Every structure is written in structure tokens, then in C-alpha cells.
Amino acid sequence: MKNKKLYIYPVIYFLLSVIGFAILNYFGIQYDDPRIHFYAIPMMLVISGFVIWANEKSLLLNKEDFIPNSKFALLNWIPILTILMAIASLVEAIASKGDPTKIIWAIILTFLIGFSEEGLFRKFLISEGEKEFSSLKILIYSTLVFGLLHMANIASGLSFTSALIQSAFSLPFGLLAGFLFMETKNISAMIFWHMSVDYSLFLSELGDFKSATIFGYIIDLLLVISVLILLYKKLKKKKTC
């Protein structure tokens with residue numbers, strides 16, 4: 001690779017994750033501990049700061065990244081639906097006299113996770129990698145590196161087998177997110193989709209939130225439709241060439 005940042009930055013991201021998880025683990029907060037929803041926020045703030053620096057852009061990567069993208073407008077609903085998902089689950093928690101603070105921490109944490117992981121493994125790696133490699137090669141590379149990132153969870157007390165399973169399950173997600181970003185350049189949709197997936201997982205540990213489940217299904221359906229439409233357009237374009 002001529003651009004050494006394409007492999008140096010993922011390594012830095014991985015090491016920051018390992019250090020952050022190791023510190024939490026040292027203080028008795030492991031990966032499956034509900035308290036991690038709050039105590040992992042400082043770690044993710046540091047990592048998000050690194051991602052902003054890596055992209056050499058403004059505070060939110062680039063203001064254009066968070067303006068509705070007209071290239072494929074269907075994905076513009078993802079951020080809206082994810083925000084509604086968070087609000088609905090927060091209202092549901094308050095209505096059931098639950099603890100809304102845990103929901104708030106989960107919202108903050110999952111946004112930071114989506115922002116940092118999509119900001120580096122999609123926005124940076126793919127945008128920079130396409131300048132040097134074919135779209136297919138950089139898509140595969142970004143997907144594999146994204147999968148390997150989840151092995152850092154071992155530092156938080158997760159077993160090797162569990163981390164390996166997480167890495168394997170993250171590959172299809174990374175592949176779809178990479179493909180959608182390549183085709184639309186809509187990073188905000190990928191950030192909020194990532195957030196919605198992690199948010200649903202965190203909520204499942206806190207209780208049964210029907211609103212989040214409904215919004216989660218709608219978001220996933222929208223993503224499936226988007227992938228099918230984009231694949232159809234891509235195949236149709238190849239046939240006409």
C-alpha cells in the first residue's frame with residue numbers, strides 16, 4: 001500500500017480499543033457488565049476524537065456528510081428512524097417507571113460506536129482506499145479489518161471463542177455497510193444504522209422495548225430494500241455497457 005494510513009490507522013484504532021477495554025476490565029467492568037453502557041463512553045470519546053483527526057475533517061467528519069444525500073434518498077430515512085427509535089424507547093422506559101438514565105447512556109454510547117467505526121472503517125478506509133485499489137479489493141479489505149477489530153473485545157474479559165463469533169457475525173454487516181457507502185457515499189445513514197443495531201442489542205439487556213423492536217425491523221427492511229435496488233441498478237448498468 002502506498003498510503004500507509006490504510007493499515008496504520010486501523011491498528012491504532014484496535015490498540016485504543018484494547019487499552020480502553022483493558023482499563024475497564026482492570027476496574028472490574030467487563031464486556032457483559034451493564035455498567036459498561038456508561039463507563040465505556042470516555043473510551044469511545046477518545047476513539048471518536050482519533051477518527052475525526054484521521055479524517056482530517058471538521059467536528060462531524062464533514063458537514064456534507066450529515067446533509068440529506070439526494071444520490072439515493074431512501075437511506076436518508078435511516079437517521080430519522082434511528083432518532084425516533086431512541087426517543088420512543090426513552091418514552092417507553094419513563095412510562096413503565098423504569099430507569100431512563102440507562103437508556104440515555106446507551107443512546108450516547110451507541111452513537112459514538114457508530115460514528116467512530118463507520119467513520120474509520122467505511123468513510124476513511126473506503127474513501128482513501130478507492131484512490132489506490134479497485135472497489136472490490138478495498139471493500140473486502142475494509143470488511144475483514146472491521147471484523148478483526150472485534151477481537152479487541154478479549155481485553156474486556158470476553159472469551160476468545162465469543163470474540164471470534166462476534167468477528168464472524170460482523171463481516172456481513174461490514175460488507176453491506178461498505179457496499180452501501182461505496183454506492184451512495186451516505187456515511188450518516190451508515191452511522192445511524194450501526195447505532196440502531198448496537199442500540200437494539202443493548203436495550204435487549206435492559207428489558208423488552210417493543211418500540212425499539214418495531215423501529216429496528218423497519219430500519220433493517222429499509223436497508224434490505226436499498227441493497228436490492230442498488231444491486232439491480234448496478235447489474236442493469238453493467239448490461240448496458
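Here the structure is a predicted model, which means the values were calculated and not measured.
- Distance check: Leu84 CG to Ser196 OG gives 12.5 Å after rounding to the nearest 0.5 Å.
- Ring geometry, Trp53 versus Tyr9: the interplanar angle falls from 30° to 60°, so the pair is classed tilted.
- Side-chain contact check for Leu206 versus Phe202: every heavy-atom pair is 4.5 Å or farther apart.
- With rounding to the nearest 0.5 Å, the separation of CG in Leu75 from CD1 in Ile187 is 11.0 Å.
- In plain terms, the two heavy atoms of Val51 and Ser116 that are nearest each other are CG2-O, 3.4 Å.
- With a 4.5 Å cut-off on side-chain heavy atoms, Leu149 and Ser17 count as touching.
- Note on Glu130 versus Lys185: salt bridge recorded, some NZ/NE/NH1/NH2 to OD/OE distance being below 4.0 Å.
- Looking at Phe181, Phe115, Phe111, Phe173 one by one, the single match for ring-ring contact (aromatic ring centres under 6.0 Å, His included) with Trp193 turns out to be Phe173.
- Atom CG of residue Leu180 and atom CG of residue Leu74 lie 10.0 Å apart, to the nearest 0.5 angstrom.
- At least one donor-acceptor pair under 3.5 Å links the side chain of Asn55 to the backbone N or O of Gly119.
- Glu118 has its side chain out of reach of Met195: every pair of non-hydrogen atoms, C-beta onward, lies at least 4.5 Å apart.
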Chi angles and distances behind the side-chain contact (heavy atoms from CB on, under 4.5 Å) call for Ile80, Asn76: CA-CA 7 Å; Ile80 297 169; Asn76 293 335; 5.9 Å; no

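- A donor-acceptor pair under 3.5 Å is absent between the side-chain atoms of Ser162 and the main chain of Leu158, judged by distance alone.
- Between the side chain of Ser48 and the backbone N or O of Leu45, no donor-acceptor pair lies under 3.5 Å.
- For the residue pair Thr82 / Tyr199, no side-chain donor-acceptor distance below 3.5 Å is found, with atom types taken as modelled.
- Between Leu222 and Ile218 the shortest side-chain heavy-atom distance does not fall below 4.5 Å.
- In this structure, CG in Leu90 is found 10.0 Å from OG1 in Thr101, a value given to the nearest 0.5 Å.
- In this model, a donor atom of one side chain and an acceptor atom of the other lie less than 3.5 Å apart for Asn186 and Ser188.
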Taking it one step at a time, do Phe50 and Val46 satisfy side-chain contact (heavy atoms from CB on, under 4.5 Å)? CA-CA 6 Å; Phe50 164 69; Val46 171; 6.0 Å; no

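- Note: Asp198 CG to Glu117 CD = 7.0 Å, rounded to the nearest 0.5 Å.
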Are Tyr31 and Gln166 close enough, and set up right, to give a side-chain contact (heavy atoms from CB on, under 4.5 Å), and what steps lead you there? CA-CA 12 Å; Tyr31 189 85; Gln166 277 194 358; 3.1 Å; yes

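- For the pair Arg35 and Phe27, the NZ or CZ position fails the cation-pi test of under 6.0 Å to the six-membered ring centre and within 45 degrees of the ring normal.
- Residue pairs meeting the salt bridge (charged side-chain N to carboxylate O under 4.0 Å, His left out) criterion with at least one member in residues 81-96, sequence neighbours excluded, do not occur.
- At least one donor-acceptor pair closer than 3.5 Å links the side chain of Tyr141 to the backbone N or O of Leu6.
- Here Glu183 pairs with Lys234 in a salt bridge; the nearest charged N to carboxylate O distance falls below 4.0 Å.
- Residue Tyr39 holds its OH atom at 15.0 Å from CE of Met43, rounded to the nearest 0.5 Å.
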Stepwise ring-ring contact (aromatic ring centres under 6.0 Å, His included) check, Phe121 with Tyr13: CA-CA 10 Å; Phe121 295 95; Tyr13 193 109; 5.2 Å; yes

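- Listed by first and then second residue, the ring-ring contact (aromatic ring centres under 6.0 Å, His included) pairs that reach into residues 70-104 come to none, sequence neighbours excluded.
- Judged by distance alone, with hydrogens and angles left aside, the side-chain atoms of Asn25 form no donor-acceptor pair with the main-chain N or O of Gln30 at under 3.5 Å.
- Although no hydrogens or angles enter the test, the distance criterion places no donor-acceptor pair under 3.5 Å between the side chain of Ser127 and the main chain of Phe124.
- Side-chain atoms of Asp220 do not come within 3.5 Å of backbone N or O of Tyr217 as any donor-acceptor pair.
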